[in-house]
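In the text below, chain A, chain B and the rest are named by the order of the sequence lines, each starting its count at 1.
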2 protein chains.
Amino acid sequence: MGFDPVAWDTEGTKRRILEAAASEFARYGPDGTTIERIATTAGANKERVYNYFGGKRDLFRRVLRDELATVAQAVPVESFAAVDVGDYAGRVYDYHRERPELNRLMRWEGLAFDGEVPDEALRREYYAAKSAAVSDAQRRGAVTTSIDADHLIFLVLSLAGWWSAVPQVARMFTGEPTEEEHARRRAAVVEAARRVARAP
Amino acid sequence: MGFDPVAWDTEGTKRRILEAAASEFARYGPDGTTIERIATTAGANKERVYNYFGGKRDLFRRVLRDELATVAQAVPVESFAAVDVGDYAGRVYDYHRERPELNRLMRWEGLAFDGEVPDEALRREYYAAKSAAVSDAQRRGAVTTSIDADHLIFLVLSLAGWWSAVPQVARMFTGEPTEEEHARRRAAVVEAARRVARAP
DNA sequence: GTCAAATCCAACCACAACGTTGGAGATGGT
DNA sequence: ACCATCTCCAACGTTGTGGTTGGATTTGAC
């Protein structure tokens, strides 16, 4: 099944396995995903998966970690004194839309692994930076102080994230997510985020 | 294993199976749940489950439908001209907290069954009633018109629901959900919902 | 050209879960 | 007291998946 006419391409194989794993895990979750399917999708076989990465759980964690590293770069965080909260929420909405994997992986994680979180320190740091971006803006009077910084940023993320958490409910509320509907949703998210953060 | 000293208690068995199924499905999801475990938890055996309800999927749908019927009564919908949007959001947050099953089931549904939704007509009607409660308030000037009614109500539900969708993220943002922290989260949700809906 | 090390593959084991089935036990009418 | 009917249970067949292992193939150094 491998297309390696001349040499071993172990790095490439690893990468393809990770890509396939991200896709499969996001789609079917930790339980619904089979190593077999990941392997064939990646043009390899099970043994390679077990050999390169450990068992299924290890692979899931690895995929989630990579995905988190990606988003950290994709939607950077500054102070919300300089960046409008609404625009930021809109960008987060866009990101969820064009790369639904992370959102789905996190939700699988929330449902299946409830307590335990891999790379907790790293992630905590990432989230703390976002909170800091809010409190900075609060100190400068650009954002309301009637909601704690960490609660506020989380709520803003809620506005952008719930749509893909329960897409079936979203559809029943607002109709099929056509391109236009997506634009409407995005506009609503932006407006709502601004309203939540607005200074008095 | 059955505790029926005198007569067959088929209704009771059905009920116990449904209760066990709700708990198991909410906890482990459609894939992680085993019929065996449902049966033993309910003090019955597999064959009863298959006989009373169909396969696993049928049972899942049944459980979800029952849960939806319950919530429809628990958090009734009126016009948001009479009821404060913040209070309503707080009640929804409370409901998610004290009965996490529905939220989890909906999220499993969103992840595992993506497209297909059982009892779509019923649910659509339920959601439409909520949207109507918003548009009524908008007509009366009690709620902003700068966000569509259906988007607005969905966003309010986001504020209350995202906490349990990604509990691990919530924890990393705002710390362990002690009783106090829950109170803070609830207050933030209430305040944010009011801000989103506030009329000019 | 040779050989040790690394990569890849196919077949295999164990086991858990779905769904079924044949029969045992209880019930209520006649 | 008997029988049709419903309820219950234990055991089974089948399938699919996680994870392993032994060996074939390729590579690069010497």
Side-chain angles (χ1 to χ4, degrees), chain A residues 1-64 105 108-109 111-113 116 118, chain B residues 1-64 108 111-113:
Chain A
M1 205 75 79
F3 285 68
D4 307 320
V6 271
W8 299 129
D9 179 20
T10 88
E11 282 314 307
T13 303
K14 285 185 186 176
R15 193 177 33 74
R16 272 177 301 145
I17 288 176
L18 281 175
E19 280 170 11
S23 165
E24 294 283 321
F25 275 133
R27 189 165 198 73
Y28 303 108
D31 281 341
T33 294
T34 76
I35 301 286
E36 181 71 45
R37 210 166 39 206
I38 290 177
T40 55
T41 301
N45 77 0
K46 282 197 297 183
E47 186 269 342
R48 279 301 88 192
V49 178
Y50 284 104
N51 198 299
Y52 287 150
F53 317 93
K56 200 201 258 193
R57 257 176 128 87
D58 300 312
L59 184 54
F60 184 87
R61 292 170 180 219
R62 169 62 185 273
V63 165
L64 184 52
L105 288 170
W108 284 117
E109 183 189 38
L111 281 170
F113 301 151
E116 29 168 344
Chain B
M1 204 74 79
F3 284 69
D4 306 320
V6 270
W8 300 129
D9 178 18
T10 88
E11 281 315 306
T13 303
K14 285 185 185 175
R15 192 177 35 74
R16 272 176 302 142
I17 288 176
L18 282 175
E19 280 171 11
S23 165
E24 294 284 321
F25 275 132
R27 190 166 198 71
Y28 303 106
D31 281 339
T33 293
T34 76
I35 301 285
E36 181 72 45
R37 211 166 39 205
I38 290 177
T40 54
T41 302
N45 78 359
K46 281 196 298 181
E47 185 270 344
R48 280 300 89 193
V49 179
Y50 284 104
N51 198 301
Y52 287 149
F53 317 93
K56 200 199 258 194
R57 256 174 128 87
D58 301 313
L59 184 55
F60 184 88
R61 293 170 179 217
R62 170 63 184 273
V63 165
L64 184 52
W108 284 118
L111 281 170
F113 301 150

Checklist entry - For A:D31 and C:dC15, what is the distance between atoms CG and P respectively, to the nearest whole Å? => result 20 Å
Item to check | Length of the CD1-P vector between B:I17 and D:dC8, whole Å | outcome: 9 Å
Item to check | Rounded distance in Å - CZ (A:F53) to C1' (D:dG18) | outcome: 17 Å
Item to check | OP1 or OP2 of C:dC18 under 4.0 Å from side-chain N/O of B:K56 | outcome: yes
Checklist entry - Rounding to a whole Å, what distance do you find between A:R57:CZ and D:dT17:P? => result 19 Å
Next on the checklist: Please identify which of these residues, B:F53, B:F113, B:W108, B:Y28, meets the ring pair (Phe, Tyr, Trp, His ring centres under 6.0 Å) condition with B:F60.
Outcome noted: B:F113
Checklist entry - What distance separates A:I17 CD1 from A:I38 CD1, expressed to the nearest 0.5 Å? => result 8.5 Å
Checklist entry - Which whole-number value in Å describes the distance from A:R48 CZ to D:dT21 C1'? => result 13 Å
Item to check | N or O in side chain of A:Y50 less than 4.0 angstrom from D:dT21 OP1/OP2 | outcome: no
Next on the checklist: Using whole Å, what does the distance between atom P of nucleotide D:dG16 and atom CD of A:E36 come to?
Outcome noted: 12 Å
Item to check | Pairs flagged by salt bridge (Lys or Arg N to Asp or Glu O under 4.0 Å) wherever residues 29-52 of chain A is involved - sequence neighbours left out | outcome: A:E24-A:R37
Checklist entry - Using 4.0 Å as the upper bound for N to carboxylate O, is an ion pair formed by B:E19 and B:R15? => result yes
Checklist entry - Starting at CD of B:E47 and ending at P of C:dG23, how long is that distance when rounded to a whole Å? => result 15 Å
